[in-house]
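To start, the structure itself, in structure tokens.
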Amino acid sequence: MSAIRATEDPGIAIQFLHDEIQEIRESDDAAATIHDLILPTALNVPLAGPIMTESAEAIAEAIADRKADLVETDEGEGVEVVFPPSALSDGLWEVEDVRPLPSTVRSASMAETFSMRSPTAPTGAAVGDDLYVFARDDDGRVLYNRSGTDEGFSGWEEVPGELVSGTQPSAVSSGDEVLVFATDTEGRVHSNRVGANGAFTGWEGVPGDITTDGAVGVASQADSVFVFARLDDNRIAFNRLLPDGTYTGWLDKSIAWRGE
């Protein structure tokens with residue numbers, strides 16, 4: 001067995017060399033042969049290994065059902081069989097693609113595709129049937145994971161725009177979009193949005209010259225989105241995103257505090 005790798009598709013690619021394809025082709029029990037081939041490698045796969053080890057029999061049977069495709073696709077170097085990353089969470093090991101080696105699809109980080117660690121709390125919001133979860137990794141990148149109705153999560157990917165954030169992100173649903181907010185390393189507030197088509201618009205700075213060293217709060221009301229931030233002297237400021245895409249500007253004197 002040459003490798004089990006994460007791919008930028010994204011996907012889980014299980015690779016078989018040419019001699020292994022020949023062994024599978026000649027086997028009277030292809031599923032058992034495939035199981036014996038993948039199990040030793042699955043044991044050593046970072047992060048996803050325990051799940052794949054427990055699912056080795058189901059994975060082998062799914063690949064065995066595509067035995068003819070394996071033989072036909074092999075051009076002398078072997079093949080890789082691709083499963084969706086969601087198989088790790090929903091347990092549905094259905095082959096997504098069979099392609100010849102050497103693969104033209106680049107590898108991705110197992111940590112980013114299948115799991116991640118975050119120093120801050122995640123946040124989530126939904127648009128249509130899609131639920132988005134956002135989190136910041138140790139390098140300050142804002143990542144997202146998506147799940148549709150009755151589907152597993154697709155895997156962690158970086159929110160487009162290359163923002164490096166100093167705080168956890170915040171997300172809110174508004175109309176047919178999900179908006180995610182995060183601060184840059186200097187404390188300026190930025191936003192990004194994703195619609196039902198799954199495409200992000202890119203990070204844009206929220207107008208105004210305030211900075212904050214904490215996560216912003218967000219909420220939707222009617223057709224507007226409110227963004228709340230704590231200023232250096234602990235005052236609370238807010239900004240309002242209007243339906244036409246413009247902001248009203250940061251205000252801090254319209255939120256009154258009444259003490260005893």
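Below, all heavy atoms of this structure are taken into account, side chains as well, without hydrogens, waters or symmetry copies. Since this is a predicted model, take the numbers as computed values, not measurements.
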Notebook entry, point to check: After noting the C-alpha distance and the side-chain angles of Arg230 and Asp213, does the key distance pass the salt bridge (charged side-chain N to carboxylate O under 4.0 Å, His left out) rule?
Noted result: CA-CA 8 Å; Arg230 183 176 64 85; Asp213 60 1; 2.6 Å; yes

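A salt bridge links Arg5 and Glu80; the closest N-O separation between the charged side-chain nitrogens and carboxylate oxygens is under 4.0 Å. A salt bridge is defined here as a Lys NZ or Arg NE, NH1 or NH2 lying under 4.0 Å from an Asp or Glu carboxylate O, and Asp9 with Arg99 meets this definition.
For the pair Glu20 (side chain) and Leu17 (backbone), a donor-acceptor distance under 3.5 Å is present. Remark: side-chain polar atoms of Asn192 are paired, donor with acceptor, to backbone N or O of Gly202 under 3.5 angstrom.
Val172 belongs to a hydrophobic cluster with Leu179, Phe181, Val189, Val206, Ile210, Val216, Val218, Val225, Val227, Leu231, Leu241, Tyr247, Trp250, counting contacts under 4.5 Å between side-chain heavy atoms of Ile, Leu, Val, Met, Phe, Trp and Tyr, direct or through other members. With side-chain heavy atoms closer than 4.5 Å counting as contact, directly or through intermediates, the hydrophobic cluster containing Trp203 also holds Val127, Tyr132, Phe134, Val142, Tyr144, Val159, Leu163, Val178, Val180, Val194, Phe200.
In this view, Leu251 and Phe238, Ser254 satisfy the side chain to side chain contact (heavy atoms under 4.5 Å, CB included) rule, not counting sequence neighbours. The side chain to side chain contact (heavy atoms under 4.5 Å, CB included) test applied to Glu162 returns no partner, not counting sequence neighbours. The side chain to side chain contact (heavy atoms under 4.5 Å, CB included) check on Arg25 picks up Gln22, Val71, with sequence neighbours excluded. Partners of Pro102 by side chain to side chain contact (heavy atoms under 4.5 Å, CB included), not counting sequence neighbours, listed by chain and number: Glu77.
Neither side chain, Asp29 nor Ser27, offers a donor N or O lying under 3.5 Å from an acceptor on the other. Checked by atom type, the side-chain pair Thr183/Thr167 shows a donor-acceptor distance below 3.5 Å. With 3.5 Å as the limit, one finds a donor-acceptor pair spanning the side chains of Arg240 and Ser224.
Grouping the Ile, Leu, Val, Met, Phe, Trp and Tyr side chains by contacts below 4.5 angstrom, directly or via other members, places Val95 with Phe16. Tracing side-chain contacts under 4.5 Å through hydrophobic residues (I, L, V, M, F, W, Y), one reaches Val45 starting from Leu37; they form part of the same cluster. Residues Val105 and Phe83 are members of separate hydrophobic clusters, defined by side-chain heavy-atom contacts under 4.5 angstrom among Ile, Leu, Val, Met, Phe, Trp and Tyr.
Pairing each heavy atom of Gln168 with each of Arg136, the nearest pair is N-NE, 4.1 Å. What you find for Asp233 and Arg235 is that their closest heavy atoms are OD2-NE, 2.6 Å. Contact record, Ala60 with His35: CB-N, 3.6 Å, taken as the closest heavy-atom pair. Residues Met52 and Ile12 approach most closely at CE-CG2, 3.9 Å, considering heavy atoms.
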